[in-house]
Amino acid sequence: MRGGLSATPIRGLVTAAVLAFGAATAAQLALGAAASAVDESRRLDAAAPAKLLARLPALPRRFAADVLWVRAIQSYGYHRQGDMCFDSMRSHFEALTQVDPDFEQAYTFGALVMAQDAGDPESGIALLQRGMNRLPDRWRLPFETGFIYYVVQGDARRGARYFDLASTMPGAPEYTQHFAAYTYMLGGRQDLAKAFWAELLENSESVAVKRLAAEALGRIEELERKGQRMQGFSARGPLEIVA
Amino acid sequence: MTSLTVARGTLLECLRDRVLYLPVIFVIFLLFGSVFLGSLSLGEMERLAVDFGVMGITFFSLLTAVFLGIGWSYQGVTRRTAYALLARPVSRRSVLWGSFLGLVVIQLVSLVLMGSSWALILRLAHVELQAIHWMSLALLFVEILLVTALAFFLSTVASPAVAGATTVVLVLAGYGSRSLLDLAEQTSGRMVQGIAQVGYYAIPCLSNFYPAELGYTAAGGPAGAGLWAAFYGVAYAVGLITCAAAVFSRRELA
């Protein structure tokens, strides 16, 4: 009696459970096929309720910003592997920085994507300006603004101003000074470029940088002797100035 | 028989009921998941792993606090398990304080388990926790204390279902209670201002228990604010449990 009563119902229940889970898996497969036919960008690029999320208390607001960040990265990857259309990036990063205005990487990465991939450097710079207003002591924000002005827009003068600003901020690495020096030279501000190179020559701990600075200073002085000025922007980059 | 004996009994009962096993195991899985998600986040692994950890631990701790708080009334009064205790020479006040203490200790154990797993998992992912993260966990414990006390108090004055729903509503309101001060500043009506201000002080302000809300960053923050927040939470919880003891000592038990 013991064996007959306990074994048969359990076997039946296990079979029923296996069948039920099998049916659920089959249904999920069918649903998965239907879902893959839907345009994924509609889900990824749907507007986030940024104003509402920005009113949440600190912990869930930061968590919401993290989710928006992962979503923005997903959307970027999706478009990069597919249609190369990055129009939605602006709304992603604007919503993200509205929800968490202290998310530095959202400003820098968002601006770069807007400027380089979406071909909209003005929006990228505007995003960085908002970041600089909010986080005035972060060197990466002016540095990247300078980078977009110089590399994307070909405006060495403006780029130099922002590289200069970045180089004065706490924690800024030495290469911000190199960029400032190069772009001042390219923008025709040899006086400022000379000051930067002299500073690097005197204070840099790197022998290579000291050599670079000495060469650049020599080149500027040679130009000054000839009464010439270094003008214009070079698409090949700043290193050619000392080549 | 003292409150401490009752606390020990509550603690053993919780362990026997395996109340916390599932949340703790779930959170540990979530913490592993957060590191995995962080690795997909383009340079923001540290931020995501830390934030998801804090969020997961907070959410499950508060959920547990609500359920344990109202569960005491359900177990003890509705299912009459406290009656055996009350038949002994022990005051109702001691039963209530002891039960509360037992629940707090079990939640402390759970928080320590989750927190140490979190630190270990992050360490394996080469992420170092900073002082502000440890401060978050310490203040979370005070928050758990307060939410458990709130659920405890409400469960002495209402049925478990009503107490549970009211606790959840008050917890949500407690996160946004600072908006009441904004409302009081923005409105010109004196009555609305008065109601908003009373509401602000009456509802437990749970945003006090988040270092970022107190002005703390990784670099530091206002001296003493964390201690004031802890003092606020403990004082509020003691007030609630005292009220609960007063209600419970006069309650008619059928």
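We name chains A, B, ... by the order of the sequence lines, and we start the count at 1 in each one.
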Report, as yes or no, whether the 6.0 Å neighbourhood of atom CE on Met191(B) holds more than 12 heavy atoms from other residues, nucleotides or ligands.
no

So which of Leu56(A), Leu59(A), Val70(A) has the largest heavy-atom pair count under 4.5 angstrom toward chain B?
Leu59(A)

Should we say atom CZ of Phe153(B) is surrounded by more than 12 heavy atoms from elsewhere, each under 6.0 Å from it?
yes

Please check if atom CZ in Arg90(A) has more than 12 non-hydrogen atoms from other residues, nucleotides or ligands closer than 6.0 Å.
no

Which donor-acceptor pairs lie under 3.5 Å between chain A and chain B?
| from | atom 1 | to | atom 2 | distance (Å) |
| --- | --- | --- | --- | --- |
| Ala58(A) | N | Glu213(B) | OE2 | 2.7 |
| Arg62(A) | NE | Asp51(B) | OD1 | 2.8 |
| Arg62(A) | NE | Asp51(B) | OD2 | 2.9 |
| Arg62(A) | NH2 | Asp51(B) | OD1 | 3.4 |
| Asp66(A) | OD1 | Arg47(B) | NE | 2.7 |
| Asp66(A) | OD1 | Arg47(B) | NH2 | 3.1 |
| Trp69(A) | NE1 | Ser41(B) | O | 2.8 |
| Asp100(A) | OD2 | Arg47(B) | NH1 | 3.1 |
| Asp100(A) | OD2 | Arg47(B) | NH2 | 2.8 |
| Gln105(A) | NE2 | Leu42(B) | O | 3.4 |

